[in-house]
Amino acid sequence: MDRIPAANELSFRVGFTGHGGHLRIEPLPPVDRPNPLHSLPDFILPPAFPKETPETIKEYVKEKYLLPRLDEDVFSPQNAGRQWEFDWFDRAEIQLEPSAPRSVVVPSWEMPFRRKERQSMTKRWEPESVEADVSELTIGAEDSGALPRIVGPAKDYVRGSINNRPFRPGGLDNADSLGKILPAGACNGEWASEVLHGGPAQVLPPGSRDGLDLGHLKARSSTWNVNEKASLEKRTSNVKMNELSVQFDDFFKKAWEDDVMKFAGDGPMHDSDTQKDANESLQVETEGVLPVVDDVIKKESSILDEILSVQSVESTSRLDGDSNSDRQQQKEGWALSGGSDEIMERFHELVPDMALSFPFELDPFQKEAIFYLERGESVFVAAHTSAGKTVVAEYAFALASKHCTRAVYTAPIKTISNQKYRDFCGKFDVGLLTGDVSLRPEASCLIMTTEILRSMLYRGADIIRDIEWVIFDEVHYVNDVERGVVWEEVIIMLPRHINFVLLSATVPNTIEFADWIGRTKQKHIRVTGTTKRPVPLEHCLFYSGELYTICENEKIIFQGLKATKDAYKKKNSPKVTGTGSYSGSSAANERARTMRRENSSYAKHNKHSGSQNMMKETHTGGGNNWGSRRSEATVWLSLINKLSKKSLLPVVIFCFSKNRCDKSADNLTGTDLTTSSEKSEIRVFCDKAFSRLKGSDRNLPQVVRVQGLLRRGIGVHHAGLLPIVKEVVEMLFCRGVIKILFSTETFAMGVNAPARTVVFDALRKFDGKEFRQLLPGEYTQMAGRAGRRGLDKIGTVVVLCRDEIPEEKDLERVIVGSATRLKSQFRLTYIMIMHLLRVEELKVEDMLKRSFAEFHSQKKLPEQQQLLMLKLAQPTKIIECIKGEPAIEDYYEMYSEAESFSNRITDAVMLSPVSQKYLIPGRVVVVKSQLAQDHLLGVVVKAPSANYKQYIVLMLTPELPSVSKTTADSLEKNSAGLQVLVPKSKRGLEDDYCSSVTSRRGSDIVNIKLPHHGFAAGVNYGVRGVENNEFLSICNCKIKIDQVRLLQDVSLGAYSNTVQQLLNLTSDGNKYPPALDPVKDLKLRDIKVVEDYYRWTNLLQKMAQSKCHGCVKLEEHIKLARELKGHSEEVNALKFQMSDEALQQMPDFQGRIDVLKEIGCIDADLVVQIKGRVACEMNSGEELICTECLFENQLNDLEPEEAVAIMSAFVFQQKNTSEPSLTPKLSQAKKRLYDTAIRLGELQAGFKVQIDPQEYAQENLKFGLVEVVYEWAKGTPFADICELTDVPEGMIVRTIVRLDETCREFRNAAAIMGNSALHKKMETASNAIKRDIVFAASLYITGV
C-alpha cells in the first residue's frame, strides 16, 4: 500500500492482522528507507486454525475441563461486594480428593498421674508428638459401604439427608453383612475346576451379568495341565503329583480338619489319606472338588462370627492395684463395676487437671464417673433423683469443649430439653434441636430429643463425625411402650467412635443393661452410682387430719400403720350395730367405695381441663363420689393446714387425672399462702411472660384462671395447659413462690424441681387400659421429688387416705419394693426397615440381633457354636440291616408320628364306652408289643371279669425264635410257658382240631399261666393280659374261638385253629384287617379326632407292611434310630438357634417385608423404590398411611387449609373427643383417608402381621381436631377455636406444633416425588398455622 500523506508529514499505513482480520493502522517513519519486507504483500490471510502443540492441548484441556468457573451472571462486577454460599467443590465436574499421607504426627496421650511436670511458665502438661501410620489410626473407622463417603452440602450437615448413607454402627465391624459380599461362584472354586477340566476360558466373572465380548473368537475345547515348566512335558510321567497339581480339595479339607479337630480333640489327618490325595491324577477332576467345596460352604455357614462374644482383652489397668479386679471383671462381661476405693483415695492425683471444676465436694460415684470419662470410657450412672447425675453430664460437655469435639445430650421429653438448655446456657457453648426449634446447631454441646438423634443417624448427618459423647438422660424411659424402641435404635446405630454417658434412676438390672450395650458396641461400660439418697425420705399416711409415719430409712414401721388402722376403726365404730355385722358391712362398703372410685376416675379420665369442662363435670356429678364423709375441699384444707403447721411446704400433690388436678385446685377457693412481696413477684413475672402474647390471647380463660391461682400460691401442672402457662408454673415453683402444686406424674419426669413434701392423691391410676396399683418404680420416681438438697434434712412423702386404709402388703410393695426392671420394648417399624434396606451393608437382621430383647440368646452364641462343632465332629453310627438296605429310618418316622397320636386316640377312642362294646371275645384287634417297639395282630379271648381285670388276648408274634419240641411227653397240657403243637399222628383224641365253637359256657377258670407262648400253623403266638390303653386298633371283623378249649382245656387244636384264622385275615396283602369306621361304628363327632384316627390306622398298616415289622433286631435298631434322630434334631436345633430365623420378631419382619413389596415400597430384590423413599420421610405420622395418601393424590383437590386440617389426624393423640362439624369436602376427604387405612390394615392382616384393621385405623387416625385446625388455618382467633371442642388448650397447641413438622415432611416428600404443586401447598399450609400463641417462643429459650 502506498504512503498516505498527512498533516505535518505524519505518514501511516493501513492493513489487516489477527485471526479475525482486524484493521490495523501503523505509523511510518518520515524517511522511507529501503526494507526487504516491503516486497511482501501488505494483506496476508491468517491460518484457519493455530498450530497445535502438546502444550496448547494441555492448556486447552485444563482450561475447559479442570478449572472451576464462576457463573458470569452471578459473579459480575455489578454484584461485587455481595456474598453467596458457594462451594468450589460442588462446581468442579471432577471431585478433587487429595491423596492421604502414609504417616502423620499425632500427640501421645498419658494418664494424668503419669505425666511429668513441665518446666514451662504455665506448668500445664504438653503432650509429646509421635509419628503414627495412618492405616493404624483409621482401623475400624471406615464409613459404611465400599465407596468413600463424600461430605454433603452445608444445609444437610446437622439434620442429614435421605440420600446419605448412615454411618457404620459400632460393634458391626466384624459382621458378615458389612464385609465384602462375594458371589458363590467366586468362592467355591467351580470356575477353576471347569477351566482345569478342559472347559472354555471364563469371560463372565462370577456374580456378574455381563462379561467380555470376544466377538468372533470362539472358545476351543482343551485340557489344561498345570506344570512347573513347559519342558516338563518331555519328562517322564513319574512326577510328584502333589507338587504340580492344583489341590483345591486338599487345601479346603485341611482347613476343615484343623478347625474341627481343635474342638473334637482328634488327631491330625492321617498320612495315608494325604499320600492318597497326592497320588491323584495330574488333571483336577471336577467330581473330586465339588463335594469338598460343598462341605466347606456348609462349614462356613455354620460357623458364625463371634460378634457378641466376650473377647479376651488384656488387662491393662491404668491404676496401681486394679489389674486383678479388672481381669476378673472382663471375664464376667462387658459391664465393669468396682475399683472406686482406689479412685476416691487418689482422685486429685489421677485427675490433676480437671476440665471443669465444681464449687462443692464430689460424691464418690461422681469422682469415679469423671475418672473414667477422662480415660475416654463409657459410663452408666444409676442413682436416685436429685443425687447429682447431672454433674457427670456437665463434665462430658466440658471434655467435648476441651477436645474441640461435640457432645449430645438427649432427653425423652421436650420439656427436659428446654430446661437443660437454660441450665447449660451460661456454662457451655450450647445449641438446641427439637422438632420445631433449631437454635445454634453449630454449637459444640447440643441438646436434642432422642427422636431427632435417631433421624440424624438414619439420614447420615455429617455432624455425627464430630460427636465424642452422647448423654442419655432418664435411661429407664426405655421401658416406655410407645417410645422405648427409639432408645434401643439409637444405641445400636451410634458409630464406634462415640462414647456413652447413661444416666438412670436405680433399677435392678443395671449390670445387665450395661452388658447389653457393651456387647452390642464392643466396648466396656463402666457402671457406677449410688443407692443412697442425698435427702432421706420418710413416708406417712394422712387420715382424719393426722400424719402417721409408716416408713423411715427404707424400713416399714408397723406401729405407724397399726395406729392408722386403729384410728380408722375408732372413726367408723359408732356406725357399727353389732359385732357380727361389722365385717360384712365393712367389706360391702369397701367394695362399693372401690367401685365408685374407679367409675369416678374413669369418668374423670375421659374429661379434660379448662373452665368449660369443669362446668360439664359439675352437672354430671362425677366429682361428688370422692370422699364419703366430708367434702373434697375440707380434706385438702385439713391436709394443707397440717403441712403448713409442720413447715412442710412447698408441696407437690400428684393426681392421676388432668381434670382431677383442676378440680382440686379450684376447691381451695379461700386459701392464700403468699405474702405481699411474693404476690408482687408473681404478678411482675406473669406480666413479663404473657406480654409476648397478643391481646386476645392474654385474656384466654385458662391464662386468667391460672394467674388467679398463682397469686394465691397455688399451681396446676398437666398436659392440658398451654406450653407457656406450664413454663410459667415451673419457673415460679422453682423460685419457691408456689406453695402447692397439683400435678400429674409427668412433672416428676419432665421437670427438675424438688419440693419439701410430696403427696399422693391415691395409689391407683388408670394407665389407658385398666385401673391398677402404682408400680414401685413410678412411686419412687415421684417420691424422689421430696427433699431439697442443701435445704432439707429429710423429705416427706404423704399418702392421702379418705375412706379406707391401704393394705399393708400393697404399701410395702410400693414403698420398699424392687423397681421395675429395664425391659426391651423393641419392635419393628416400616420406616426402620426401609431405612436399613436403603443401605446394602446394613441388614435388618443385624438390628434385631442386637436388640435388648435378643441379648440373652445372642450371648449364648459362642457356647452354641462350640457345642455344634463338637456334635458335628462326633462319629456317626451305622445301622446294619440283616434284610438288605436299611429301612429303619422310614419306619422310625412312621413310628414317631404314630406315637404323637397315641395318647389322643387312646383317650378319645379306645377308652370310650362305644369302643368297649366292641371288645368282646372273637374281636380282632391290634395290640402293642411288650418286647419291642412294635404292634401285633390278635384276638380278644376273654373280657375282663371279677377274677381277671384285664382283657386276655391271643396275638401273633411271627419273628420270635421258634422252639422245636424234643419229645411230646415233655409237654403237659396244663403247663405254663411255651406250648408246641404235637403232630397229628401222636395226638390224642382230645387234642384234635375242633372247628366249631363248643356249646359249653366256661366259667372264669383259666388254666394257663400268663403270659403264655406257643407255636402253631408255622408262626409263634402269645397269650397275655392287656389293659384298655394297650389296644391300638379295633378291627371290623370277628373270628370264631372256643374260649373254654383255649383257656381251660388248653387244646392245641383250638390254638392252631385260632392262629390259622388270624393268618387268613392277612392273606389279601394287608397285614391287618380294616379298622372300625370312626363315624358309623365308633360314633365320633369331633372332626379333628376323626382325621387323626384315619391317619393313625393308615400308619399302623404302613408299619405292618414294612420289612422292619416283626424283625428280631427291631428294638435295637429303633434305639439306634432314636439316637441318630435325636442327634440330628440337636444339630438342627443348634443351627436354628444360631440362625436369623430364630429371632423373636423374624415372622413379623417377613410379614412386613411382604406388605412393603405388595404396596410397591420395595421390589422383589428388596431395593427401596421411590415410594419407599417417600415413606422414609414420614416420622410424625404412620408411614404407610401417609405415603398412600400422597401417592393416591388425596390432597390434590383440597385447599391448603383443608389439607392441613385432614393431616391433623396423623398427629392428634387423644382418643375420646366431641364429634367435629366438617364441611362436605372435609367429610369426603376424611372417609377417603379412613378407607385407605382400613385397606392397609386388611393387607397387613393378610400377611400375618398382628394387626386388627379397625384398631389400626382408629389408633393412627384421630379426626377430633380437623375442624379446629381448619378454622385456625383460616385465621380464627385461638379463643374462638377452643369453643369448638372439649380438647384441652395444651393438646391443641401440641397438635398444631407437630403438624408444622408434618407439613415439612410432606414438603420434602413432594420434592422427592417431583410434585411442585404439593410442595407449594404444604409451604402455604405451614405458614397459615404458624402464628400467635401456638408458636410462642419457649421461656426457657428466650428468657423472661
Do [X] and [Y] have side chains that get closer than 4.5 Å, going by heavy atoms?
X     : Y     : result
I491  : T520  : no
L848  : F826  : yes
R1307 : E1323 : yes
E1301 : V1211 : no
P166  : L457  : no
V408  : M456  : no
R519  : R850  : no
L1299 : M1207 : yes

Backbone of [Y] reached by a side-chain donor or acceptor of [X] within 3.5 Å:
X     : Y     : value
R827  : Q1145 : no
K523  : R496  : yes
T510  : V507  : yes
H497  : I464  : yes
D466  : R406  : no
E1188 : C1186 : no
N509  : E512  : no
S504  : V475  : no
R785  : A748  : yes
T449  : I413  : no

Reported [atom1]-to-[atom2] distance for the pair [X] and [Y], which is rounded to 0.5 angstrom:
X     : Y     : atom1 : atom2 : result
I1153 : L1166 : CD1   : CG    : 5.5 Å
T405  : W469  : OG1   : CH2   : 9.0 Å
I452  : I447  : CD1   : CD1   : 13.5 Å
D423  : I416  : CG    : CD1   : 11.5 Å
C445  : L432  : SG    : CG    : 13.0 Å
R159  : N164  : CZ    : CG    : 14.5 Å

Heavy-atom closest contact ([X] atom, [Y] atom, distance):
X     : Y     : answer
M1313 : L1190 : CE-O, 3.9 Å
I833  : R1152 : CD1-CB, 3.8 Å
L433  : V158  : CD1-CG1, 3.5 Å
R1173 : V1168 : N-CG1, 3.7 Å
K1262 : F1212 : CD-O, 3.6 Å
C1176 : I831  : O-CD1, 3.5 Å

Describe, in one word, how the ring planes of F397 and F424 are oriented to each other, choosing from parallel (under 30°), tilted (30 to 60°) and perpendicular (over 60°). perpendicular
Give the ring-plane orientation class for F1210 versus F1306, where under 30° counts as parallel, over 60° as perpendicular and anything between as tilted. tilted
Under the side chain to side chain contact (heavy atoms under 4.5 Å, CB included) rule, what do V1297 and R1294 come out as? Steps first, then yes or no, please. CA-CA 5 Å; V1297 169; R1294 187 179 301 111; 5.8 Å; no
Hydrogens and angles aside, do [X] and [Y] bring a side-chain donor and acceptor to less than 3.5 Å of each other?
X    : Y    : result
E474 : H476 : yes
E489 : Y458 : yes
E854 : S857 : yes
Y372 : N499 : no

Using the six-membered ring of F167, assess whether NZ or CZ of R465 lies under 6.0 Å from its centre and within 45 degrees of the ring axis. no
The residue among R422, Q419, E727 that forms side-chain hydrogen bond (donor to acceptor under 3.5 Å, both in side chains) with S1338 is E727
E451, R1304, E1305 screened by side-chain hydrogen bond (donor to acceptor under 3.5 Å, both in side chains) with S1180, the one that passes: E1305
How far apart are the C-alpha atoms of D1300 and V1334, what are their side-chain angles, what is the distance that settles it, and do they pass the side chain to side chain contact (heavy atoms under 4.5 Å, CB included) test? CA-CA 11 Å; D1300 179 62; V1334 174; over 6 Å; no
Take Y395 and F358 through the test side chain to side chain contact (heavy atoms under 4.5 Å, CB included) and record every step on the way to the result. CA-CA 10 Å; Y395 200 84; F358 298 93; 4.1 Å; yes
Can you name the one residue among [options] that meets side chain to side chain contact (heavy atoms under 4.5 Å, CB included) with [X]?
X     : options                : answer
W516  : K521, H856, E488, Q858 : E488
Y830  : M1178, H835, E1182     : E1182
Y1256 : L1184, V1249, L1261    : L1184

Under the criterion side chain to side chain contact (heavy atoms under 4.5 Å, CB included), I'd like the reasoning laid out for E730 against T415: C-alpha separation, chi angles, the key distance, then a yes or no. CA-CA 10 Å; E730 293 165 5; T415 305; 3.7 Å; yes
Answer yes when R459 and D156 have at least one side-chain N-carboxylate O distance shorter than 4.0 Å, and no when they do not. no
Are F852 and F513 an aromatic pair by the rule of ring centers under 6.0 Å? yes
